[in-house]
Amino acid sequence: MRAMVLKAAGQPLQLTELPVPTPASAQVLIQVQTCGICRTDLHVVDGELAHPKLPLIPGHQIVGTVVGKGDQVERFQIGDRVGVPWLGHTCHHCRYCLTGRENLCDWAQFTGYQLDGGYAEYTVAEESFCFPIPSGYPDLQAAPLLCAGLIGYRSLTMTGDAERLGLYGFGAAAHIIIQVARYQGRKVFAFTRAGDSQSQQFARELGAVWAGSSDELPPELLDAAIIFAPVGALVPAALKAIAKGGVVVCAGIHMSDIPSFSYDLLWEERSLRSVANLTRRDGEEFLALAPKIPVHTQVQAFPLEEANTALNALRSGQIQGAAALVMER
Ligand SMILES: [Zn+2]
Ligand SMILES: [Zn+2]
């Protein structure tokens, strides 16, 4: 099979011919149709996340077809369409697994980081961490639901019933979460890089009541903000924009250092928290909700061998909505 492989952090991925993997007893073998590109993939490739498996096939928003399975697989049949998310394995017995917080498992393994992912024609995945894909979604449109959608949804739930919601960074996750937030009756305020009028326009088209630069204050104070961009300076900016009792949720896995800020910004019961990974329950809830709204995703497709081009486009802010690799056979 053809795969785009990371041999060392900081280097471009290399198109490599590899044997098709063999599923272990609890794994399915998946013929990959498409694999979404996530900012986390950039952090892995750039060496900002420590100790990836090397060599590594990145990619954790995989949509494909089951073409083989191990002897213990019961949930899926040959021919089923499945999605593979970031959470690829948990231990089932640590204190986090036993208390409904498998996203924090001490021995979790993540797809496209410690496990080979979907920048390839085939992959294997533990069946219990795969999701059925809602039938109304074409493969390409389903891919960004699996991380941008799912971790965005977990972040949104951390804002409680906040009515006035700020989204910092209007990329793949925000373009999905604004649709969920609007469906729930919230008012969304979108913040982008200064001068990115295209993304601001995109946010307004998706129903933002206001869109502007992340160094501006919104026209009214917010009840909550989610920071999707990996920029630490957005933390004090978002704290300034929220009202008393509000929450700022950092949704990314990596962020540049947060500049020091005055305690005033946190005072009056404002809170600041991160969201890490996902639980399978998040996935089940979100994939049931998305077709009801229905969430529409905008996805720019790239051929597998252009993964480096796609990652560079994401890095420089040239992707409107989401991006995904598509296997051409
Ligand atoms: Zn565990
Ligand atoms: Zn991701």
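Atoms within each ligand, like the ligands themselves, are counted from 1 in listed order.
Using a 4.0 Å cut-off between charged nitrogen and carboxylate oxygen, Arg81 and Asp139 count as a salt-bridge pair. For Arg280 and Glu284, the salt-bridge test fails: no basic side-chain N is under 4.0 Å from an acidic carboxylate O. Salt bridge absent: Lys69 and Glu127 never bring a charged side-chain N and a carboxylate O closer than 4.0 Å.
You'll find the side chain of Leu13 reaches within 4.5 Å of the side chain of Leu311, heavy atoms only.
Put simply, Cys91 gets within reach of the Zn ion (ligand 1), with an N, O or S atom under 2.8 Å from it. Not one N/O/S atom of His93, from backbone or side chain, sits under 2.8 Å from the Zn ion (ligand 1).
Geometry at the Zn ion (ligand 2): SG/Cys38 and NE2/His60 form an angle of 110°, nearest 10 degrees. The SG atom of Cys97 and the SG atom of Cys105 subtend an angle of 100° at the Zn ion (ligand 1), given to the nearest 10 degrees.
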